[in-house]
Amino acid sequence: MDVSKGWRMRDLDQRLLSAMRDCGTDPRVAAAARALSRSGEHGALWLAAGLAGAAADRDRRGAWLRGMALIGAAHLTSMAVKRVVRRPRPQLPARAPLVRTVGRHSFPSSHATSAVAAAVAFGALRPAGRHAVPPLAAAVCVSRLVVGVHYPSDVVAGALLGGVTASLGAAWIHGPPAGGGGEGRLRDG
């Protein structure tokens, strides 16, 4: 990669973050961004949604629980990547972050990872999930920029990681085919 392109990308990342963080100067926007960021901590919002789905949708309880497991796996994967990459959280000279963070590292955004994993996993279970979860997941992703604790590239990388992780396990969410076909293949195969 051309060094000048790398600098341009960093500059763009910084500029986009500054613009998004400036949105947090409106008290209503700041309050909403804080609430979304806090609810998304460690995937709590999505795990609670999965528990509610499992309780309300008895016919697909196992699928909801498997979806939660995929979200947890995506979140843990993002935490592992953070420990390897160790990118420091952004520090904007004119704006302090609006929330405290659990960790010091920002790449990838674990909030974005679990949010997009939830959109993929829960979107496959209910029509309401296909319509309600993606906008909420997007709002959680944007909230991390507004509160000033992630660069846009952190959020994009987290979203990609969450989408890939959940997509890889999407068939598992629904369990084995009716009639126990999955188990038979193991014995016959």
Side-chain angles (χ1 to χ4, degrees), residues 1 9 13 36-37 39-87 89 101-103 105-145 149-189:
M1 177 182 192
M9 286 302 294
D13 224 14
L36 285 165
S37 281
S39 68
E41 198 66 54
H42 299 298
L45 171 64
W46 313 114
L47 298 176
L51 287 174
D57 188 1
R58 292 179 186 203
D59 293 339
R60 289 184 264 204
R61 179 172 287 149
W64 283 99
L65 296 174
R66 286 186 291 277
M68 288 173 55
L70 279 178
I71 295 164
H75 183 79
L76 290 173
T77 301
S78 74
M79 297 301 289
V81 173
K82 277 185 190 216
R83 291 180 191 268
V84 172
V85 174
R86 305 178 71 80
R87 181 183 196 182
R89 294 228 183 241
T101 59
V102 175
H105 303 116
S106 69
F107 185 91
S109 166
S110 295
H111 280 69
T113 301
S114 60
V116 172
V120 172
F122 295 155
L125 294 175
R126 279 284 191 209
R130 280 191 295 277
H131 301 294
V133 177
L136 183 56
V140 168
C141 291
V142 170
S143 78
R144 301 305 279 171
L145 301 171
V149 296
H150 280 292
Y151 293 102
S153 58
D154 300 336
V155 173
V156 169
L160 288 171
L161 179 60
V164 167
T165 303
S167 293
L168 289 173
W172 177 67
I173 291 174
H174 295 289
E183 294 145 21
R185 273 184 267 142
L186 289 175
R187 272 180 279 177
D188 297 338

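Hydrogens, waters and symmetry mates play no part in the numbers below; they use all other heavy atoms, side chains included. Just so you know, residue 1 is the first one in the sequence shown, and it goes up from there. This is a predicted model, so every value here is computed, not measured.
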To the nearest 0.5 Å, what is the distance between [atom1] on [X] and [atom2] on [Y]?
| X | Y | atom1 | atom2 | result |
| --- | --- | --- | --- | --- |
| S114 | L47 | OG | CG | 8.0 Å |
| L36 | L136 | CG | CG | 6.5 Å |
| H105 | D154 | NE2 | CG | 11.5 Å |

Any donor-acceptor pair under 3.5 Å linking the side chain of [X] with the backbone of [Y]?
| X | Y | answer |
| --- | --- | --- |
| H111 | S37 | yes |
| S167 | V164 | no |
| S78 | H75 | yes |

Taking the side chain as every heavy atom from C-beta outward, state whether [X] and [Y] have any pair of such atoms under 4.5 Å apart.
| X | Y | result |
| --- | --- | --- |
| Y151 | R87 | yes |
| L145 | P152 | yes |
| D57 | L125 | no |
| M68 | L51 | yes |
| V102 | H42 | yes |
| T101 | R144 | yes |

Considering all heavy atoms of both residues, which atom of [X] and which atom of [Y] are nearest to each other, and what is their separation?
| X | Y | value |
| --- | --- | --- |
| F122 | A49 | CE1-CB, 4.2 Å |
| L70 | G169 | CD1-O, 3.4 Å |
| G163 | V120 | CA-CG2, 4.3 Å |
| P108 | L161 | CG-CD2, 4.1 Å |
| S109 | A112 | OG-N, 3.1 Å |
| A74 | T113 | O-CG2, 3.3 Å |

Between the side chains of R89 and H150, is a donor N or O closer than 3.5 angstrom to an acceptor N or O?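 Yes, H150 and R89 have a side-chain donor paired with an acceptor closer than 3.5 Å.
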